[in-house]
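Accompanying notes for the structure given below.
FYI, the numbering just counts along the sequence from 1.
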Amino acid sequence: MKKFLSTKMGFFAITLALFWIKTYIIYSVEFDLGVSNGMQQFLLFFNPLSSGLIFLGLALFAKGRRAGVWLIVIDSILTFVLYANVIFYRFNSDFITIPTLLQTGNFGSLGGSIVDLAMVHDLFYAVDLIFLIVLFVKVKANWSVTRMKIRKPFLVLIAGVIAFTVNLGLAEADRPQLLERTFDRNYVVKYLGAYNFLIHDAIESAKTSTRRVLADSSDITKVENYTKNKYAEPNAEFFGKGKGKNVIKIHLESFQSFLIDYELHGEEVTPFLNSLVNEDKDYTYFDNFFHQTEQGKTADAELIMDTSLYGLPQGAAFVTKGNNTYQALPAIMHQQQDYTTAVFHGDYKSFWNRDEIYKQLGIDEFYDASYYDMSDDNIINYGLKDKPFFEESMPLLEDMDQPFYAHMMTLTHHHPYLIDEDEASIDPAETGDGSVDRYFQTARYMDEALEQFINDLKESGLYDDSIIMLYGDHYGISDNHNRAMSEIMDEEITPLKNAELQRVPFIIRVPGVEGQGTNHEYAGQMDVMPTLLHILGIDAQDYIQFGTDMFSKDHKDFVPFRNGSFMTPEYSLVNDVFYDNETKEKIEEPTEEMLKQKEEVLQELELSDEVLYGDLLRFYTPNKDWKPVDKNDYFYGKQENEEHEQEEQDQQDK
Ligand code: GP9
Ligand code: MN
């Protein structure tokens, strides 16, 4: 053994083992990755192995004793990369990405504080390198000066590739579509490690930047022609009627419209929401409103509703297009009518890259988990429970400068719909499919949380001055659950039925304007931004938007889904098959008009993609008042905010 350890391969083995242990220790001590099951724990431990085999293995190709030098150099580079992430994470609770490296503001803001962020115990992370140098000096005399047989380093690389493949396979099993859905960066690091994350990020950035580079200002013209042509004039009954009012937009996580008025075990699942829809004269409920999200799920819903652009066919634009130029609702409201804008959400700010993209959208404040009591009793599943969420949001909301645009994002009613028994006030359904059965319990919990929030708003006096808008972000029950869903709906879940189930509620109340009860217009999340702009008295025409005002007489009532399927009041296209909405039958011979509509939907999706891939809004000036958003003006999370305030104070004191 001693003999082996003094050979080149032995030295490699020691380097690898130390690198592996060190990386794992750093993961565990420095990063809060939210490991929540045994598999994740195992992968966190396992993932440095493949990077170690591959990167350190490269050193073995070097001749003679140089291999030892290369091993130490590569190990040092890897350590440096990981340590840079440690420093970055201490400040940002996030990992370094290529865009963050390239954009001056972000890293620059670390500047002088790097020294503050370093800690004495960090020296420990260099101990293995020192040990390796000493060891190398001692053992190198035993090494041959020739190159080792090429077979050996190749075997090491192959072992690395195998380890990586196993790693990726297990990660995908625990979190399907890990890379496609571009989840939170924490996830990629947790499953695949910090080094693989960097490579993944580099590939993604390279792909993205090419399309951006090839775009030029003429590309926006055809988009502008299309959207201006689609524009629908406002309805005088609503135009400007909400001017100066606060806007409270409430996100109903994973909430599908079939829950409205649904009865389980003879009782209503969501009695409060039902009362808004059926009894409260102030509200209008759109019962043919659809989500239009894809892999970005919540992030897509947010993007669509605040920009009237589509999410991307793959991944989440929130993540991959987080540095694009946007002309989003919050920025417009702020610039045009002096609104203060904020998002409230009981999850950590980096999820879905929110801490980056919200700045581009011009959101003034982001009250993320760091503002809430995240003690064990208060959290379940992804984060803060809805009841404490709304409760703790109230004082923050009351403190905001008015008029405000507040986006309240619930979380408890999220797959796999976990709820503590003593908080469940309705029994689960009995299909035998756990997610489907619990879906009703968390929906009820959210309904109760919502009722409490609306009551608190009334008590605080905010209610009378606020437009209230509620929406479901995307389906909660995917088509993997069709068997159980057919029991719930008491009918077969055909492809058309599945498309119909993509209805999510959109409910709105404008103070002082009588509600319409149930409005049957076909509409989608895309239409929310122009609708709201018109309610506030801002003409939507100036902006690039694919949606149209839902209250307008000219509202376009075809609703594209991200995959090219679409719904209209009379017929639908689902996975390239036309259906008659009334008879539910396939339409074997679609009319000219149907085919034309299909083309229009595809064109619309393509144009929207061009805007995002080409970052085309950087070439567009909506009107003479428009000021481009500067992300350096925004600070999110308690820590970042306090530090910024301190900085400003110091400036003033100087
Ligand atoms: C997490 C929450 C969930 O912060 O928004 O996102 P989803 O998984 O629904 O996209
Ligand atoms: Mn969601």
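The aromatic rings of Phe55 and Tyr195 sit perpendicular, their planes meeting at an angle over 60°, well past the 30° parallel limit. Taking the six-membered ring where tryptophan is involved, the planes of Tyr371 and Tyr367 are perpendicular, since the angle between them exceeds 60° and thus also 30°. Ring-plane geometry between Tyr125 and His121 is classed as perpendicular, the angle between the planes exceeding 60 degrees on a 0 to 90 degree scale with a lower cut at 30. By the 30° and 60° cut-offs, the orientation of the rings of Phe42 relative to Phe46 is parallel. In this structure, Phe290 and Phe561 have tilted ring planes: the angle between them lies in the 30° to 60° band.
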| said: Walk me through whether Tyr326 and Asp306 qualify under side-chain hydrogen bond (donor to acceptor under 3.5 Å, both in side chains). | reply: CA-CA 10 Å; Tyr326 292 97; Asp306 267 348; over 6 Å; no
| CA sep, side-chain torsions, deciding dist, call: Glu604, Tyr310, side-chain hydrogen bond (donor to acceptor under 3.5 Å, both in side chains) | CA-CA 9 Å; Glu604 183 164 315; Tyr310 289 89; 2.6 Å; yes
| query | Between Tyr471 and His251, is a side-chain hydrogen bond (donor to acceptor under 3.5 Å, both in side chains) present by the stated rule, with each step listed? | reply | CA-CA 5 Å; Tyr471 72 96; His251 167 107; 2.7 Å; yes
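Between Glu448 and Lys387, at least one side-chain N (NZ, or NE/NH1/NH2) sits under 4.0 Å from a carboxylate O, which counts as a salt bridge.
When the shell of 6.0 Å around NZ of Lys497 is examined, it contains more than 12 heavy atoms from other residues, nucleotides or ligands. Atom CG of Asn480 has more than 12 heavy atoms from other residues, nucleotides or ligands within 6.0 Å. Counted within 6.0 Å of CZ on Phe164, heavy atoms from surrounding residues, nucleotides or ligands total more than 12; the atom is thus considered enclosed. No more than 12 heavy atoms of other residues, nucleotides or ligands lie within 6.0 Å of CD in Glu430, so this atom counts as exposed by the packing criterion.
Side-chain contact, Thr270 with Asp447: no donor N or O sits under 3.5 Å from an acceptor N or O. Thr431 and Asp433 form no side-chain donor-acceptor contact under 3.5 Å, judged by distance and modelled atom types alone.
One finds the CD1 atom of Ile379 at 5.5 Å from the CE atom of Met374 (value rounded to the nearest 0.5 Å). In this structure, CD on Gln525 lies 10.5 Å from CG on Leu303, to the nearest 0.5 angstrom. Expressed to the nearest 0.5 Å, how far CG of Leu384 lies from CG of Asn378 amounts to 5.5 Å.
Figure legend: Lys8 and Phe11 shown without cation-pi pairing, the cationic atom not lying both under 6.0 angstrom from the six-membered ring centre and within 45 degrees of its axis. Both tests hold for Lys359 against Tyr636: distance to the six-membered ring centre under 6.0 Å, angle to the ring axis within 45°. Figure legend: cation-pi geometry between Lys631 and Tyr358 absent, as NZ or CZ is not positioned both under 6.0 Å from the six-membered ring centre and within 45° of its axis.
In this structure the side chain of Arg354 reaches within 4.5 angstrom of the side chain of Glu302, judged on heavy atoms. Proximity of His474 to Asp300: side-chain heavy atoms (C-beta onward) are nowhere separated by under 4.5 Å. Put simply, the side chain of Phe95 does not reach to within 4.5 Å of the side chain of Ser350, judged on heavy atoms. Contact of the Leu18 side chain with the Val127 side chain is not registered, since no non-hydrogen atoms from C-beta on lie closer than 4.5 Å.
Screening Phe390, Phe389, Tyr348 for a ring-ring contact (aromatic ring centres under 6.0 Å, His included) with Tyr372, the sole residue that qualifies is Phe389. Of the listed residues (Tyr24, Phe197, Tyr89), just one forms a ring-ring contact (aromatic ring centres under 6.0 Å, His included) with Phe31, and that residue is Tyr89.
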